[in-house]
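Okay, so here's the structure we're looking at.
Predicted model, so just to flag it, every value in this text is computed and none were measured. Below, chains carry the letters A, B, ... as their sequence lines are ordered, and counting in each starts from 1.
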Number of protein chains: 2
Amino acid sequence: MRPISKEEYDLKCATRQLLELMSEKWVPGLIYTLSLGPQRPGALTRRLEGISKKMLTQTLRNLEDWGVVHRTVFEVVPPHVEYALTPLGEKMVEPIALIHGWAQENRENIAMVFTQRLASKQSAKP
Amino acid sequence: MRPISKEEYDLKCATRQLLELMSEKWVPGLIYTLSLGPQRPGALTRRLEGISKKMLTQTLRNLEDWGVVHRTVFEVVPPHVEYALTPLGEKMVEPIALIHGWAQENRENIAMVFTQRLASKQSAKP
DNA sequence: CCGTATCCTGAAGGATACTG
DNA sequence: CAGTATCCTTCAGGATACGG
(Lines give C-alpha, C1' and ligand atoms only; values in the text may rest on other atoms or scores of the structure.)
Protein backbone atom coordinates (compact mmCIF):
# COMPACT_ATOMS: atom_id res chain seq x y z
CA MET A 1 0.00 0.00 0.00
CA ARG A 2 1.50 3.30 -1.11
CA PRO A 3 2.28 5.74 1.70
CA ILE A 4 0.73 9.20 1.76
CA SER A 5 3.62 11.65 1.66
CA LYS A 6 3.99 14.59 4.02
CA GLU A 7 3.56 17.17 1.28
CA GLU A 8 0.60 15.36 -0.13
CA TYR A 9 -1.12 15.32 3.23
CA ASP A 10 -0.14 18.76 4.42
CA LEU A 11 -0.28 20.91 1.34
CA LYS A 12 -1.69 19.32 -1.71
CA CYS A 13 -4.61 17.62 -0.10
CA ALA A 14 -7.56 19.77 -1.04
CA THR A 15 -9.72 17.64 1.20
CA ARG A 16 -7.97 18.76 4.35
CA GLN A 17 -7.90 22.38 3.18
CA LEU A 18 -11.61 22.26 2.73
CA LEU A 19 -12.25 20.51 6.02
CA GLU A 20 -10.13 23.05 7.85
CA LEU A 21 -12.04 25.91 6.33
CA MET A 22 -15.38 24.28 7.03
CA SER A 23 -14.48 23.60 10.63
CA GLU A 24 -13.54 27.15 11.51
CA LYS A 25 -15.94 28.04 14.22
CA TRP A 26 -18.33 30.34 12.40
CA VAL A 27 -17.93 29.17 8.83
CA PRO A 28 -20.75 26.62 8.64
CA GLY A 29 -23.15 29.03 10.32
CA LEU A 30 -22.22 31.88 8.01
CA ILE A 31 -22.44 29.82 4.85
CA TYR A 32 -25.77 28.40 5.89
CA THR A 33 -27.15 31.81 6.77
CA LEU A 34 -25.91 33.39 3.56
CA SER A 35 -27.41 30.52 1.59
CA LEU A 36 -30.78 31.98 2.60
CA GLY A 37 -29.88 35.19 0.81
CA PRO A 38 -27.51 38.19 0.99
CA GLN A 39 -27.21 39.72 4.45
CA ARG A 40 -25.90 42.79 6.19
CA PRO A 41 -23.31 42.42 8.97
CA GLY A 42 -25.80 43.55 11.59
CA ALA A 43 -28.26 40.87 10.54
CA LEU A 44 -25.53 38.22 10.58
CA THR A 45 -24.50 39.29 14.08
CA ARG A 46 -28.05 38.99 15.32
CA ARG A 47 -28.55 35.67 13.60
CA LEU A 48 -25.35 34.07 14.88
CA GLU A 49 -25.77 34.55 18.58
CA GLY A 50 -22.44 34.93 20.34
CA ILE A 51 -20.27 35.98 17.41
CA SER A 52 -18.12 39.04 18.03
CA LYS A 53 -17.50 41.83 15.52
CA LYS A 54 -13.92 40.70 15.28
CA MET A 55 -14.73 37.12 14.43
CA LEU A 56 -17.50 38.13 12.06
CA THR A 57 -15.22 40.38 10.01
CA GLN A 58 -12.29 37.99 10.23
CA THR A 59 -14.28 34.98 9.07
CA LEU A 60 -15.96 36.93 6.28
CA ARG A 61 -12.57 38.21 5.03
CA ASN A 62 -11.36 34.65 5.12
CA LEU A 63 -14.30 33.46 3.07
CA GLU A 64 -13.73 36.34 0.67
CA ASP A 65 -10.13 35.17 0.18
CA TRP A 66 -11.47 31.75 -0.65
CA GLY A 67 -13.74 33.30 -3.24
CA VAL A 68 -16.71 31.90 -1.40
CA VAL A 69 -18.27 35.18 -0.32
CA HIS A 70 -18.65 38.52 -2.08
CA ARG A 71 -18.77 41.90 -0.37
CA THR A 72 -20.81 44.78 -1.73
CA VAL A 73 -20.44 48.30 -0.38
CA PHE A 74 -23.18 50.87 -0.91
CA GLU A 75 -21.72 54.36 -0.73
CA VAL A 76 -24.23 55.94 1.59
CA VAL A 77 -24.44 57.26 5.12
CA PRO A 78 -24.81 55.48 7.38
CA PRO A 79 -22.67 52.77 5.75
CA HIS A 80 -24.47 49.89 4.08
CA VAL A 81 -22.64 46.64 3.33
CA GLU A 82 -23.94 43.33 2.10
CA TYR A 83 -22.41 39.89 1.94
CA ALA A 84 -23.49 37.19 -0.46
CA LEU A 85 -22.29 33.77 -1.59
CA THR A 86 -20.40 33.60 -4.87
CA PRO A 87 -21.10 30.78 -7.32
CA LEU A 88 -18.24 28.83 -5.70
CA GLY A 89 -19.84 29.54 -2.35
CA GLU A 90 -23.14 28.16 -3.56
CA LYS A 91 -21.33 25.00 -4.52
CA MET A 92 -20.18 24.68 -0.94
CA VAL A 93 -23.67 24.66 0.49
CA GLU A 94 -24.33 21.13 -0.65
CA PRO A 95 -21.38 19.38 1.03
CA ILE A 96 -22.15 21.21 4.25
CA ALA A 97 -25.76 20.17 3.97
CA LEU A 98 -24.62 16.57 3.46
CA ILE A 99 -22.44 16.67 6.55
CA HIS A 100 -25.28 18.32 8.39
CA GLY A 101 -27.73 15.64 7.31
CA TRP A 102 -25.36 12.89 8.33
CA ALA A 103 -24.76 14.52 11.70
CA GLN A 104 -28.50 14.78 12.29
CA GLU A 105 -29.07 11.12 11.47
CA ASN A 106 -26.34 10.13 13.91
CA ARG A 107 -26.97 12.83 16.46
CA GLU A 108 -27.65 10.24 19.16
CA ASN A 109 -24.15 8.82 18.89
CA ILE A 110 -22.55 12.20 18.58
CA ALA A 111 -24.41 13.65 21.53
CA MET A 112 -23.56 10.64 23.69
CA VAL A 113 -19.91 10.80 22.84
CA PHE A 114 -19.82 14.51 23.41
CA THR A 115 -21.30 14.42 26.90
CA GLN A 116 -18.92 11.61 27.80
CA ARG A 117 -15.98 13.67 26.63
CA LEU A 118 -17.17 16.73 28.53
CA ALA A 119 -17.49 14.66 31.69
CA SER A 120 -14.05 13.12 31.40
CA LYS A 121 -12.50 16.51 30.79
CA GLN A 122 -14.13 17.93 33.90
CA SER A 123 -13.22 15.00 36.11
CA ALA A 124 -9.62 15.38 34.98
CA LYS A 125 -9.53 19.04 36.02
CA PRO A 126 -9.24 19.29 39.85
CA MET B 1 -35.37 34.76 10.65
CA ARG B 2 -34.80 32.89 13.89
CA PRO B 3 -31.39 33.41 15.49
CA ILE B 4 -29.11 30.48 16.19
CA SER B 5 -28.52 30.46 19.93
CA LYS B 6 -25.11 30.19 21.53
CA GLU B 7 -25.84 26.79 23.07
CA GLU B 8 -27.28 25.51 19.86
CA TYR B 9 -24.20 26.49 17.94
CA ASP B 10 -21.59 25.57 20.52
CA LEU B 11 -22.92 22.43 22.09
CA LYS B 12 -25.94 20.90 20.46
CA CYS B 13 -24.84 21.34 16.91
CA ALA B 14 -23.80 17.86 15.87
CA THR B 15 -22.65 19.30 12.57
CA ARG B 16 -19.88 21.33 14.13
CA GLN B 17 -18.89 18.45 16.40
CA LEU B 18 -18.53 16.25 13.40
CA LEU B 19 -16.64 18.85 11.39
CA GLU B 20 -14.26 19.42 14.25
CA LEU B 21 -13.53 15.75 14.55
CA MET B 22 -13.12 15.34 10.81
CA SER B 23 -10.74 18.29 10.61
CA GLU B 24 -8.34 17.06 13.25
CA LYS B 25 -5.11 16.76 11.38
CA TRP B 26 -4.83 12.99 11.03
CA VAL B 27 -8.46 11.94 11.20
CA PRO B 28 -9.34 11.90 7.51
CA GLY B 29 -6.15 10.05 6.68
CA LEU B 30 -6.71 7.46 9.39
CA ILE B 31 -10.33 6.86 8.54
CA TYR B 32 -9.51 6.53 4.88
CA THR B 33 -6.63 4.15 5.54
CA LEU B 34 -8.67 2.03 7.93
CA SER B 35 -11.48 1.89 5.40
CA LEU B 36 -9.13 -0.27 3.33
CA GLY B 37 -9.03 -2.81 6.15
CA PRO B 38 -7.81 -3.29 9.74
CA GLN B 39 -4.25 -2.13 10.32
CA ARG B 40 -1.45 -2.35 12.85
CA PRO B 41 0.03 0.85 14.32
CA GLY B 42 3.31 0.27 12.54
CA ALA B 43 1.56 0.03 9.20
CA LEU B 44 -0.42 3.18 9.92
CA THR B 45 2.74 5.05 10.83
CA ARG B 46 4.38 4.01 7.60
CA ARG B 47 1.32 4.84 5.57
CA LEU B 48 0.75 8.30 7.05
CA GLU B 49 4.13 9.86 6.43
CA GLY B 50 5.02 12.39 9.08
CA ILE B 51 2.70 11.27 11.87
CA SER B 52 4.36 10.90 15.26
CA LYS B 53 3.70 8.08 17.72
CA LYS B 54 2.08 10.54 20.02
CA MET B 55 -0.37 11.87 17.46
CA LEU B 56 -1.10 8.40 16.15
CA THR B 57 -2.07 7.07 19.56
CA GLN B 58 -3.85 10.25 20.56
CA THR B 59 -5.94 10.41 17.42
CA LEU B 60 -6.78 6.72 17.58
CA ARG B 61 -7.86 7.05 21.23
CA ASN B 62 -9.98 9.98 20.20
CA LEU B 63 -11.63 7.98 17.47
CA GLU B 64 -12.14 5.14 19.93
CA ASP B 65 -13.97 7.52 22.25
CA TRP B 66 -16.20 8.49 19.37
CA GLY B 67 -16.95 4.82 18.80
CA VAL B 68 -15.55 5.13 15.32
CA VAL B 69 -12.57 2.85 15.74
CA HIS B 70 -12.08 -0.44 17.58
CA ARG B 71 -8.83 -1.62 19.10
CA THR B 72 -7.93 -5.31 19.30
CA VAL B 73 -5.00 -6.55 21.38
CA PHE B 74 -3.44 -9.93 20.70
CA GLU B 75 -1.74 -11.22 23.84
CA VAL B 76 1.57 -12.22 22.34
CA VAL B 77 5.19 -11.14 22.40
CA PRO B 78 6.13 -8.97 20.72
CA PRO B 79 2.88 -7.04 21.17
CA HIS B 80 0.36 -7.18 18.34
CA VAL B 81 -2.40 -4.60 18.10
CA GLU B 82 -4.92 -3.94 15.37
CA TYR B 83 -7.23 -1.06 14.68
CA ALA B 84 -10.42 -1.31 12.65
CA LEU B 85 -13.44 0.83 11.87
CA THR B 86 -16.62 0.12 13.82
CA PRO B 87 -19.99 0.12 12.02
CA LEU B 88 -20.34 3.79 13.00
CA GLY B 89 -16.89 4.37 11.59
CA GLU B 90 -17.88 2.76 8.32
CA LYS B 91 -20.78 5.18 8.16
CA MET B 92 -18.29 8.02 8.36
CA VAL B 93 -16.37 6.95 5.30
CA GLU B 94 -19.07 8.15 2.96
CA PRO B 95 -19.29 11.79 4.11
CA ILE B 96 -15.50 12.04 4.01
CA ALA B 97 -15.50 10.57 0.53
CA LEU B 98 -18.12 13.14 -0.49
CA ILE B 99 -16.04 16.00 0.85
CA HIS B 100 -13.02 14.48 -0.83
CA GLY B 101 -14.82 14.20 -4.14
CA TRP B 102 -16.02 17.77 -3.94
CA ALA B 103 -12.53 18.98 -3.05
CA GLN B 104 -11.06 17.13 -6.03
CA GLU B 105 -13.59 18.64 -8.42
CA ASN B 106 -12.75 22.11 -7.16
CA ARG B 107 -9.08 21.53 -6.53
CA GLU B 108 -8.15 24.28 -8.97
CA ASN B 109 -9.90 26.92 -6.91
CA ILE B 110 -8.68 25.52 -3.63
CA ALA B 111 -5.08 25.25 -4.75
CA MET B 112 -5.14 28.79 -6.11
CA VAL B 113 -6.57 30.22 -2.93
CA PHE B 114 -4.13 28.28 -0.82
CA THR B 115 -1.02 29.49 -2.59
CA GLN B 116 -2.34 33.05 -2.41
CA ARG B 117 -2.87 32.70 1.32
CA LEU B 118 0.58 31.23 1.84
CA ALA B 119 2.13 34.13 -0.05
CA SER B 120 0.26 36.79 1.88
CA LYS B 121 1.18 35.16 5.18
CA GLN B 122 4.86 35.17 4.28
CA SER B 123 4.90 38.74 3.04
CA ALA B 124 3.29 39.80 6.30
CA LYS B 125 6.00 38.15 8.40
CA PRO B 126 9.24 40.24 8.27
C1' DC C 1 6.73 -3.36 18.84
C1' DC C 2 3.55 -0.31 21.33
C1' DG C 3 2.51 3.15 24.37
C1' DT C 4 2.97 7.18 27.79
C1' DA C 5 4.72 11.52 29.82
C1' DT C 6 6.73 16.33 29.32
C1' DC C 7 7.82 20.37 27.48
C1' DC C 8 7.17 24.02 24.05
C1' DT C 9 5.43 26.90 20.23
C1' DG C 10 1.96 28.80 17.22
C1' DA C 11 -2.41 29.75 16.11
C1' DA C 12 -7.61 30.19 17.12
C1' DG C 13 -10.68 32.82 19.07
C1' DG C 14 -12.77 35.78 22.91
C1' DA C 15 -13.00 40.61 25.40
C1' DT C 16 -12.43 45.28 25.07
C1' DA C 17 -11.66 49.91 23.36
C1' DC C 18 -11.22 53.03 19.50
C1' DT C 19 -12.19 55.19 14.42
C1' DG C 20 -14.98 57.04 10.43
C1' DC D 1 -23.49 50.93 11.16
C1' DA D 2 -19.15 48.79 9.85
C1' DG D 3 -14.49 47.94 10.78
C1' DT D 4 -9.67 47.87 13.13
C1' DA D 5 -6.26 47.18 16.80
C1' DT D 6 -4.63 44.94 21.27
C1' DC D 7 -4.30 41.95 24.67
C1' DC D 8 -4.86 37.39 26.67
C1' DT D 9 -6.10 32.53 27.27
C1' DT D 10 -6.48 28.09 25.55
C1' DC D 11 -5.20 24.17 23.10
C1' DA D 12 -3.67 21.38 18.95
C1' DG D 13 0.09 19.22 17.74
C1' DG D 14 5.29 18.52 17.23
C1' DA D 15 9.91 16.98 19.55
C1' DT D 16 11.93 14.22 22.70
C1' DA D 17 12.86 10.78 26.18
C1' DC D 18 11.40 6.89 28.85
C1' DG D 19 8.78 2.25 30.08
C1' DG D 20 6.76 -2.62 29.32
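Taking atom CD of B/E20 as the reference point, atom P of D/dA12 lies 9 Å away to the nearest angstrom. Atom pair B/E24:CD and C/dA12:P shows a separation of 16 Å (rounding to whole Å applied).
Here A/K91 contributes atom NZ and B/N106 contributes atom CG; the two are 4.0 Å apart, rounded to the nearest 0.5 Å.
At the phosphate of C/dC1, neither OP1 nor OP2 sits under 4.0 Å from any side-chain N or O atom of B/R46. Between B/Y83 and the phosphate of C/dC2, there is no side-chain N or O to OP1/OP2 separation shorter than 4.0 Å. For A/R61, no side-chain nitrogen or oxygen approaches OP1 or OP2 of D/dA2 to under 4.0 Å. Residue B/R40 has no polar side-chain atom (N or O) positioned under 4.0 Å from OP1 or OP2 of C/dC1.
Counting any heavy atom pair closer than 4.0 Å across all strands shown, A/P79 reaches a base atom. Within the 4.0 angstrom heavy-atom criterion, base atoms lie near B/T57. At a threshold of 4.0 angstrom between heavy atoms, the contacts of B/F74 with the nucleic acid are absent.
Remark: the backbone N or O of A/V68 is paired with a side-chain donor or acceptor of A/T86 at under 3.5 angstrom.
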Starting from the C-alpha separation in whole Å, work towards a yes-or-no answer on side chain to side chain contact (heavy atoms under 4.5 Å, CB included) for A/E75 and A/H80. CA-CA 7 Å; A/E75 296 290 353; A/H80 180 144; over 6 Å; no
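For a distance-only test at 3.5 Å, the side chain of A/K53 qualifies as a donor-acceptor partner of the base of D/dG3. Residue side chain A/K54 reaches the base of C/dG14 through a donor-acceptor N/O pair under 3.5 Å, judged by distance alone.
Among the nucleotides C/dG13, D/dG14, D/dA2, the one closest to any side-chain atom of A/M55 is C/dG13. Relative to the side chain of B/P78, the nucleotides C/dT4, C/dC1, C/dC2 differ in distance, and C/dC1 lies closest.
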